Amino acid sequence: FHALLGEVYDVGDDPGEAVGFVAGEAHHLAERAPGDVVDRLWRLRYQDTYRHTPDGWRIARRELHLASIENRAVRAWVPSAAAG
């Protein structure tokens, strides 16, 4: 599960270019043992460069910056729901 928490965009150095910062959280559920499920939470920020192309705006460059990683116990988990 990924959640965007904030976005900031600005013009770039060249025409047809923009830069942006996107903050978010990424949750990764994993079963370490039967009944022992952990949510590995990444707090992150993407530092992006965008370019305008004939097909519209595209990400030209993306850097991932991790602020923290936290492991949380999961009290209830239905694996079939997590799989889709």
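Bear in mind the structure is a predicted one, so any value in this text is a computation, not a measurement. Computed from heavy atoms alone, side chains included, the values below leave out hydrogens, waters and symmetry copies.
- Clustering ILVMFWY residues whenever any of their side-chain heavy atoms sit less than 4.5 angstrom apart, transitively, puts Ile69 in the very cluster that holds Tyr46.
- Counting heavy atoms from C-beta outward, Leu29 and Val38 have side chains that stay 4.5 Å or more apart.
- Counting only heavy atoms from C-beta outward, the side chains of Thr49 and Glu17 approach each other to under 4.5 Å.
- Both Val22 and Trp42 are part of a single hydrophobic cluster, where members link through side-chain heavy atoms under 4.5 Å apart.
- A salt bridge links Arg43 with Glu70: the closest approach of a Lys/Arg side-chain nitrogen to an acidic carboxylate oxygen falls below 4.0 angstrom.
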Test log, rule side chain to side chain contact (heavy atoms under 4.5 Å, CB included), inputs Asp48 and Val19: CA-CA 6 Å; Asp48 295 335; Val19 294; over 6 Å; no
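- Under the side-chain hydrogen bond (donor to acceptor under 3.5 Å, both in side chains) criterion, Arg61 pairs with Glu63, sequence neighbours left out.
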Criterion ring pair (Phe, Tyr, Trp, His ring centres under 6.0 Å) on Tyr9 and Tyr50, from CA distance to verdict: CA-CA 10 Å; Tyr9 302 99; Tyr50 310 98; 5.8 Å; yes
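- Under the 4.5 Å side-chain criterion, counting only non-hydrogen atoms from C-beta, Leu44 is in contact with Leu64.
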Pair Glu31-Asp36, side chain to side chain contact (heavy atoms under 4.5 Å, CB included): steps then yes or no: CA-CA 6 Å; Glu31 190 170 24; Asp36 181 17; 5.9 Å; no
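- Aromatic ring orientation, His52 versus Trp57: perpendicular (interplanar angle above 60°, classes split at 30° and 60°).
- Cluster annotation: Ile59 and Val11 are assigned to distinct hydrophobic clusters (Ile/Leu/Val/Met/Phe/Trp/Tyr, side-chain heavy-atom contacts under 4.5 Å, transitive).
- Within 6.0 Å of the CZ atom in Arg62, the count of heavy atoms belonging to other residues, nucleotides or ligands exceeds 12.
- At least one donor-acceptor pair under 3.5 Å links the side chain of Arg58 to the backbone N or O of Asp55.
- By the criterion of side-chain heavy atoms lying less than 4.5 angstrom apart, applied directly or through intervening Ile, Leu, Val, Met, Phe, Trp or Tyr residues, Phe1 is not grouped with Leu41; the two fall into different hydrophobic clusters.
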Audit row: His65, Gln47, side chain to side chain contact (heavy atoms under 4.5 Å, CB included) steps and yes/no: CA-CA 8 Å; His65 299 270; Gln47 183 174 339; 3.4 Å; yes
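- Considering CZ of Arg32 and CG of Asn71, their distance stands at 6.5 Å, rounded to 0.5 Å.
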